[in-house]
Amino acid sequence: AYYNRLVLSMMPPDKDAAVLELMSGSGLLTSALLEAGYHSTVHVDLSFDMMRLAKQDIGSHLRLCVGDAMTLPFSNERFDIVICRGGIHHLPNLFEAFTEVRRVLKPGGLLLTYDPCDDWWPTRVVRKAMYRLFDFFDAEHERGLTSAELRRSCEASGFKVVQMRKFGFMGYTFSGMEAH
């Protein structure tokens, strides 16, 4: 709930903005967006099972799309805002993914993302241990990102980074244990 409130605090006041929730999973942010009045939101995830779970938990009125963040099935300049809650560390190529996000964003559009941060050495140690101990982490396709890596990838893709901040220094350790 804390992370959702943080994202919502950064959202523009225009509730009619076209929003793409990228890698929306089971809908951890989706419900908060709907409750806040952002009803022009499309929710995309690669997993059909996650989309089904979101629809089951949140409701049939959701606009869901099974799709790959690397090749989004939308026209150019379609969205005002793209949000990605904790999924960037799954992407195989950040430059390509952010370039694809730029393609679907309108000029002057906003990308809001947050992801586990690997800037602090204890976090890197805990992440490696979690990958070894728990089967539900996919160490082959997940990786930690430093703030510098994220900034470089955004800027190389043509984004202007307006703000980056850190919060919850051990949050991934505990939130990563969720079942969904």
Side-chain angles (χ1 to χ4, degrees), residues 3 7 19-30 41-54 63-79 81-106 109-121 123-168 171-180:
Y3 298 121
V7 168
V19 178
L20 172 62
E21 184 188 0
L22 189 59
M23 302 171 76
S24 60
S26 63
L28 294 174
L29 176 61
T30 304
T41 303
V42 177
H43 311 276
V44 175
D45 197 276
L46 187 58
S47 168
F48 181 77
D49 290 336
M50 291 300 245
M51 293 281 93
R52 188 171 358 149
L53 184 60
R63 295 187 329 174
L64 304 174
C65 176
V66 175
D68 188 342
M70 304 300 289
T71 55
L72 293 168
F74 303 108
S75 60
N76 296 349
E77 301 178 2
R78 162 81 171 74
F79 297 98
I81 305 164
V82 174
I83 303 171
C84 186
R85 181 191 190 272
I88 289 177
H89 64 279
H90 294 284
L91 297 171
N93 185 311
L94 292 180
F95 173 77
E96 288 179 22
F98 286 138
T99 299
E100 184 66 356
V101 168
R102 281 228 26 208
R103 181 186 68 77
V104 301
L105 264 176
K106 293 177 182 175
L110 176 66
L111 169 63
L112 290 174
T113 182
Y114 61 96
D115 214 74
C117 178
D118 255 14
D119 287 353
W120 196 43
W121 71 265
T123 303
R124 291 190 296 272
V125 169
V126 169
R127 180 190 300 272
K128 285 180 185 175
M130 287 171 35
Y131 287 173
R132 273 190 231 122
L133 294 172
F134 301 104
D135 291 340
F136 56 85
F137 289 106
D138 184 1
E140 182 181 343
H141 296 101
E142 278 186 43
R143 62 192 172 90
L145 299 169
T146 65
S147 298
E149 288 174 289
L150 185 58
R151 179 181 290 278
R152 274 194 308 274
S153 295
C154 285
E155 290 174 345
S157 305
F159 282 101
K160 177 183 175 190
V161 177
V162 176
Q163 181 183 55
M164 286 183 83
R165 61 183 174 178
K166 296 178 191 170
F167 52 91
Y172 178 76
T173 305
F174 302 107
S175 67
M177 303 302 246
E178 291 179 351
H180 54 273

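If you read the sequence from its start, that first residue is 1, and numbering goes on from there.
- Scanning for side-chain hydrogen bond (donor to acceptor under 3.5 Å, both in side chains) contacts around S47 gives an empty result, with sequence neighbours left out.
- Checked against side chain to side chain contact (heavy atoms under 4.5 Å, CB included), T113 has the following partners two or more places apart in sequence or in another chain: C84, I88.
- Interatomic distance, CG of L64 versus OG1 of T41, reported as 11.0 Å (0.5 Å rounding).
- Taking all atoms of both residues into account, the shortest heavy-atom contact from N93 to M70 is O-CE, 3.4 Å.
- At a threshold of 4.5 Å between non-hydrogen side-chain atoms, the residues V7 and R85 do not count as touching.
- Applying the side-chain hydrogen bond (donor to acceptor under 3.5 Å, both in side chains) test to E77 and every residue at least two apart in sequence or in another chain returns nothing.
- The shortest non-hydrogen separation linking S147 to M164 is O-CE, 3.5 Å.
- Looking at residues two or more places apart in sequence or on another chain, you find a side-chain hydrogen bond (donor to acceptor under 3.5 Å, both in side chains) between D49 and R52.
- At least one side-chain heavy atom of S24 sits under 4.5 Å from a side-chain heavy atom of M51.
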Distance-only donor-acceptor pairs under 3.5 Å for side chains of residues 152-159, two or more places apart:
unit_1, atom_1, unit_2, atom_2, d
S153, OG, E149, O, 3.1
S157, OG, F95, O, 3.2
S157, OG, S153, O, 2.8

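- Here the closest heavy-atom approach between residue A54 and residue G27 is recorded as CB-N, 4.2 Å.
- In this structure the side chain of L91 reaches within 4.5 angstrom of the side chain of M23, judged on heavy atoms.
- The distance from atom CE of M50 to atom CG of D45, rounded to the nearest 0.5 Å, is 6.0 Å.
- Interatomic distance, CD of Q163 versus CG of L112, reported as 9.5 Å (0.5 Å rounding).
- Taken from CD1 in I81 to CD in E21, the straight-line distance is 12.0 Å, to the nearest 0.5 Å.
- The two atoms that bring L72 and E100 nearest to each other are N-OE2, 2.7 Å, heavy atoms only.
- Under the ring-ring contact (aromatic ring centres under 6.0 Å, His included) criterion, F74 pairs with F79, sequence neighbours left out.
- When side chains are defined from C-beta on, R78 counts as touching V42, because their heavy atoms get closer than 4.5 Å.
- Side-chain contact check for L150 versus F98: some heavy-atom pair is nearer than 4.5 Å.
- Only one option out of L20, L29, L22, L111 pairs with I83 in a side-chain contact (heavy atoms from CB on, under 4.5 Å); it is L29.
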